[in-house]
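Inspection log for the structure reproduced underneath, given as structure tokens.
Chain letters run A, B, ... following the sequence lines, proteins first and then strands; every chain starts at 1.
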Amino acid sequence: MTDVLKVADEAGLVAAVRAALEAGKTLDVTGRGSKRGLGRPSQTDWTLDLSGLSGVTLYEPEELILSAKAGTPIAEIEALLQARGQMLAFEPLDYGPLLGTADAAGTLGGVIACNLAGPRRISHGAARDHALGARAVSGRAEAFKSGGRVVKNVTGYDLPRLFAGSYGTLAVLSEFTLKVLPRPPMAETVVLPGVAPEVAGRAMSAAMGSSCEVSGAAYLPAPVAARIPELNVDVPAVALRLEGFEPSVRARRAMLISVLMPFGAVEVAEDAASAAIWSAIRDVRPFAGTGERAVWRLSTAPSAGPALAAELAETLGAEAYCDWAGGLVWLLLPGEASQAEAVRAALAPHGGHATLVRASAAERAAVPVFQPQEAGLAALTRRVKASFDPRGVLNPGRMYAGM
Amino acid sequence: MTGLRLPEADAGVLARREEIIAALRAIVPGEGVIAQEREMRPYESDALTAYKQLPLVVVLPSTTEQVAQVLRYCHENTIRVVPRGAGTSLSGGALPLADAVLLGMGKFNRVLDIDFPNRCAVVQPGVTNLGITKAVEHENFYYAPDPSSQIACTIGGNVGENSGGVHCLKYGLTTNNVLGVEMVLITGEIVRLGGKHLDAGGLELLSVIIGSEGLLGVVTEVTVRLLKKPDMARAVLVGFPTSEDAGECVARTIAAGIIPAAIEMMDRDAIAAAEAFVNVGYPLDVEALLIVELDGPEAECAHLLEEVSAIARVCNAATLRVSTSEDERLGFWAGRKAAFPAVGRISPDYLCMDGTIPRKALPLVLARMRELSETHGLKCANVFHAGDGNLHPLILYDANKGEMDAAEAFGADILRLCVEVGGVLTGEHGVGIEKRDLMPVMFDEVDLAHQQRLKCAFDAEGLLNPGKVFPTLHRCAELGRMHVSGGQVPFPDLPRF
Ligand SMILES: Cc1cc2nc3c(=O)[nH]c(=O)nc-3n(C[C@H](O)[C@H](O)[C@H](O)COP(=O)(O)OP(=O)(O)OC[C@H]3O[C@@H](n4cnc5c(N)ncnc54)[C@H](O)[C@@H]3O)c2cc1C
């Protein structure tokens with residue numbers, strides 16, 4: 001039985017980490033547990049439950065900033081922003097559908113710790129790009145702050161961004177400040193049907209290399225496209241999103257259609273249909289409900305993505321699709337085996353990293369979930385971990401074995 | 001030099017100077033090692049020119065392997081190293097130390113790879129910021145961050161300082177536009193982070209390397225994101241009777257969901273200095289001037305210009321001009337871009353400050369700055385990246401009249417004020433030596449210790465750029481100590497399940 005330490009404020013957080021240090025115990029740092037299946041399965045003594053650290057503490061729409069405690073449900077934050085016509089521009093994905101946990105259950109801390117980002121990553125960056133300030137408790141049981149509450153700041157090391165994607169291994173966030181942005185009043189999706197992977201890559205590259213300001217670019221092979229009804233196709237398709245003020249979107253739609261002319265005729269999905277397409281792509285819904293079949297997430301050079309996806313689908317009997325203009329490949333393997341070596345070998349010539357995002361705990365314990373690092377970088381990573389958490393109290397082993 | 005403490009020079013190192021120079025010559029042959037005093041002069045300061053110091057020796061490597069060997073040698077022999085790009089830092093980040101090797105990265109000046117399909121370029125750190133755009137503009141691409149020093153400053157220095165520019169409200173700082181780096185640690189180890197893909201993978205070390213002011217490693221290659229140039233840009237020039245009105249106009253613009261490419265503000269003194277210098281037709285009877293630039297497709301610019309103009313009128317705009325030609329737009333900018341030299345013309349010396357404040361605090365901060373100006377007996381002109389709250393007060397002084405101490409004290413008061421109203425010490429110029437001793441205004445000892453331990457993870461002996469950023473030099477061993485007493489009841493009053 002694991003003990004659950006549920007904290008209500010930062011003082012409690014400090015006390016909890018101190019207790020673990022003193023007792024020589026390790027902590028599984030968790031918000032509401034929605035992403036517990038991500039990363040290596042950690043063998044911790046106690047669970048540190050942050051769901052009680054909840055609430056938006058500062059929201060100033062004109063200053064484009066929002067601060068909230070780490071356990072605040074992300075859905076609550078998004079609803080608050082929506083009411084003021086704003087958004088988290090990095091469009092954090094919801095792993096609920098893919099991991100088979102409840103939908104929209106994540107917390108701010110989890111979104112930051114996993115550095116989540118959706119389709120708008122290509123135009124607006126990831127969670128880390130919107131990180132401004134943090135209050136946190138390190139593995140030394142000390143509360144500290146870094147960054148600030150303004151959108152432009154280079155005072156000291158940018159620790160808030162370092163915490164993005166650290167999977168809770170460096171420090172436990174207690175409060176985080178983010179940059180927020182206006183929500184575009186209009187969005188639509190230009191769909192280019194019937195394109196082979198090679199052509200899809202070139203079409204996305206042409207669109208991204210134009211001044212159309214595309215804020216979502218995905219390649220969906222036929223079986224995947226068929227699972228997104230709003231695309232209205234049963235052939236492979238490229239989907240490109242345009243967002244902004246109406247006169248601008250209209251102008252860019254015309255521009256994009258002419259950019260895509262050499263690749264074929266297009267169709268346009270508007271409003272709700274457009275929104276549904278991108279939420280499906282973002283939340284990996286085409287691969288939802290596939291049990292424990294292994295799922296990988298590959299980040300690579302955009303121009304390599306579509307062909308890599310096709311190659312992996314072919315050689316491993318898998319299904320794959322691309323977001324991020326080709327740079328993000330979601331890969332669904334035919335079975336529970338992760339085939340880590342084959343996946344990483346296929347990725348290697350193009351550069352990038354492959355993360356095993358869904359697999360049984362046994363599989364995640366057996367293979368490196370995160371891309372293995374070169375010796376020098378791995379050693380540096382361990383030293384950085386030790387600088388914040390010298391006793392290895394926080395989420396030990398969650399990212400790398402023995403760290 | 002006023003009371004600034006720099007790390008005490010290591011007498012042992014100074015005594016071994018000749019031997020060190022010989023060893024470095026064996027690594028970097030020919031003109032790559034500069035040891036003559038006269039030839040080292042150009043390196044004695046950066047753009048914070050009030051501080052000067054000759055280095056032990058200047059080394060100008062041209063390959064990553066040379067950098068690695070130089071650093072390995074320095075590490076093995078406990079010799080300090082100060083990295084330098086073009087030396088345009090305004091915070092003293094590249095100020096040499098008497099006992100340190102000044103590692104100039106100017107020979108790393110090649111664009112290695114331009115990859116339009118992946119919208120990125122791989123460049124050496126000594127390539128200038130504008131040089132990147134020049135290399136890709138034939139295809140209508142550009143590198144977005146645009147510090148005013150962009151003709152001279154290097155991408156390596158931009159990475160060092162996480163530099164911004166007038167367009168960073170919409171397009172981000174250096175950190176939002178760099179995909180990867182190759183970096184050499186003080187031990188001589190070469191590490192690569194990121195590349196042509198998004199998110200480096202593993203810990204976000206890139207995020208702390210960018211803005212690390214040369215304290216974590218020497219950057220030898222940078223992969224940057226390229227953007228397609230917007231179809232067009234247009235600007236509106238608006239004069240306001242009060243800075244409150246101008247501030248309100250900015251707040252309402254953003255609240256209306258508009259993120260302009262740039263929003264710049266100038267106060268009465270800055271307007272007067274700029275207009276006297278470049279004569280571009282700025283109104284002289286207003287308290288605040290805004291330049292709001294919109295970019296994108298023609299239809300978008302036209303639409304948003306109308307929206308912004310309407311907002312400006314509601315906010316009591318006294319004058320309003322919308323650019324109707326590219327020449328006119330550039331004219332609006334000419335004054336703003338010349339603000340620093342214009343102030344340089346009316347004052348023998350000036351100090352450029354760089355705090356950021358929540359925008360809503362602007363009227364308060366300007367009023368308090370006027371009081372401070374009286375207290376310190378010095379004038380101050382303000383240019384302001386109004387969209388993101390980044391203030392550049394220019395303090396006018398005359399060093400020959402002994403006003404430097406007063407100017408620095410005035411500057412420190414302004415930065416304290418920025419922090420007091422919820423802002424920060426530096427928005428884009430970096431801490432360097434200039435704001436180093438003010439760090440405790442923003443961060444307590446525990447905050448700073450967490451940052452310094454990160455430094456220890458990269459450079460355990462503190463050999464890279466010591467004396468910058470951190471007000472006190474702690475030994476890593478001392479910082480790393482941890483006291484944990486056992487035997488207490490763990491966590492007695494927390495619920496357990
Ligand atoms: C007139 C003027 C206008 C300016 N306008 C702006 C502006 O609009 N926005 C803005 O942000 N800044 C501005 N600056 C400040 C300055 O230009 C920037 O900070 C710039 O990025 C410094 O680049 P540099 O190549 O000159 O670097 P340097 O001044 O040589 O070095 C800057 C720092 O980076 C480190 N460094 C340099 N190269 C490397 C490397 N390869 N590896 C590791 N560390 C390295 C140095 O140790 C130092 O700490 C301005 C400066 C001037 C003089």
Side-chain angles (χ1 to χ4, degrees), chain A residues 3-6 16 19 21-23 61-63 85 121 125-126 128-129 138 140 142 144-145 148-158 161-162 164-166 182 205 208-211 245 247-248 251-252 299-303 324 327 351-353 371 373 376-377 380-381 383-384 387 390, chain B residues 116-119 162 164 176 189 191 195-199 201-204 207-208 211-212 228 230-231 251 254-255 257 259 296-297 299-300 303 356 358-359 388-390 422-428 430-431 442-443 446-447 450-451 453-454 456-457 482 484 486 488 490-491 494-497:
Chain A
D3 290 82
V4 176
L5 311 181
K6 189 166 166 133
L21 272 176
E22 287 175 356
E62 292 85 3
E63 304 282 341
R121 173 71 182 87
R128 56 100 49 192
D129 290 283
S138 66
R140 317 173 76 94
E142 291 173 342
F144 65 102
K145 64 177 175 307
R149 286 184 162 181
V150 288
V151 298
K152 202 165 165 200
N153 175 19
V154 296
T155 322
Y157 296 131
D158 208 336
R161 285 189 224 277
L162 174 65
S166 65
S205 189
M208 295 305 298
S210 74
S211 50
F245 291 97
S248 172
R252 285 182 285 137
S299 176
T300 188
S303 63
W324 297 0
H353 48 90
Q371 186 75 22
Q373 297 177 316
L377 183 55
L380 179 61
T381 300
R383 294 198 299 275
V384 170
S387 83
Chain B
F116 289 121
N118 285 311
R119 299 165 298 285
N162 189 14
N176 310 109
E189 274 173 292
V191 294
K196 293 183 177 181
H197 52 283
L198 294 173
D199 304 332
L203 291 180
E204 257 299 320
S207 291
V208 286
S212 62
K228 191 76 173 186
D231 288 351
I254 287 172
I259 301 292
E300 175 170 340
H303 170 72
T356 305
R359 249 184 297 97
D388 42 36
N390 189 194
V424 300
L425 296 172
T426 171
E428 57 181 11
V431 176
M442 218 173 121
F443 298 116
V446 176
D447 301 337
H450 279 90
Q451 301 200 23
R453 281 189 215 102
L454 179 70
C456 293
M482 193 161 75
V484 181
Q488 291 179 24
F491 225 55
L494 287 169
R496 301 204 187 173
F497 309 97

Check each atom of A:Arg128 against the heavy atoms of chain B and say whether the ones under 4.5 Å are side chain, backbone, both or neither.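 Interface part for A:Arg128: side chain.
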
How many angstroms lie between atom [atom1] of [X] and atom [atom2] of [Y], to the nearest 0.5 angstrom?
{"X": "A:Asp129", "Y": "B:Asn176", "atom1": "CG", "atom2": "CG", "result": "4.5 Å"}
{"X": "A:Thr155", "Y": "B:Leu425", "atom1": "OG1", "atom2": "CG", "result": "5.0 Å"}
{"X": "A:Ser387", "Y": "B:Arg453", "atom1": "OG", "atom2": "CZ", "result": "7.5 Å"}
{"X": "A:Leu162", "Y": "B:His450", "atom1": "CG", "atom2": "NE2", "result": "12.0 Å"}
{"X": "B:Glu204", "Y": "A:Ser166", "atom1": "CD", "atom2": "OG", "result": "10.0 Å"}

Minimum-distance pair of heavy atoms, taken over all atoms of [X] and [Y]:
{"X": "A:Glu62", "Y": "B:Ala255", "result": "CG-CB, 4.0 Å"}
{"X": "A:Ser303", "Y": "B:Pro117", "result": "CB-CB, 4.4 Å"}
{"X": "A:Arg252", "Y": "B:Pro297", "result": "CG-CG, 3.6 Å"}
{"X": "B:Lys228", "Y": "A:Gly209", "result": "CD-O, 2.9 Å"}
{"X": "B:Met482", "Y": "A:Pro390", "result": "SD-CG, 3.7 Å"}
{"X": "B:Gly201", "Y": "A:His353", "result": "N-NE2, 3.5 Å"}

B:Asp231 side chain to A:Ser211 side chain, donor-acceptor N/O pair below 3.5 angstrom: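 The criterion, which ignores hydrogens and geometry beyond distance, is satisfied for A:Ser211 and B:Asp231.
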
[X] portion near chain A, given a 4.5 angstrom heavy-atom threshold:
{"X": "B:Gln451", "value": "both"}
{"X": "B:Arg119", "value": "side chain"}
{"X": "B:Asp199", "value": "both"}

Quick check for you: among [options], which has the greatest number of heavy-atom pairs under 4.5 Å with chain A?
{"options": "B:Asn162, B:Val424, B:Val208, B:Ile259", "answer": "B:Val424"}
{"options": "B:Gly195, B:Gly422, B:Gly202, B:Gly430", "answer": "B:Gly202"}
{"options": "B:Val191, B:Thr426, B:Leu454, B:Ile254", "answer": "B:Thr426"}

Is the shortest heavy-atom distance from the side chain of B:Asp388 to the side chain of A:Val150 under 4.5 Å? no

Donor-acceptor pair, A:Glu63 side chain versus B:Arg359 backbone, under 3.5 Å? yes

Determine whether a donor-acceptor pair (N or O, by modelled atom type, separation under 3.5 Å) exists between the side chain of B:Ser207 and the backbone of A:Asp158.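 Here the side-chain-to-backbone pair does not exist.
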
Mutual orientation of the aromatic rings belonging to B:His303 and A:Phe245 [parallel < 30°, tilted 30-60°, perpendicular > 60°]: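 Rings of B:His303 and A:Phe245: tilted, 30 to 60°.
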
Using the test salt bridge (charged side-chain N to carboxylate O under 4.0 Å, His left out), find all partners of B:Glu428 that sit at least two apart in sequence or belong to another chain.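 B:Glu428: salt bridge (charged side-chain N to carboxylate O under 4.0 Å, His left out) contacts with A:Lys152.
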
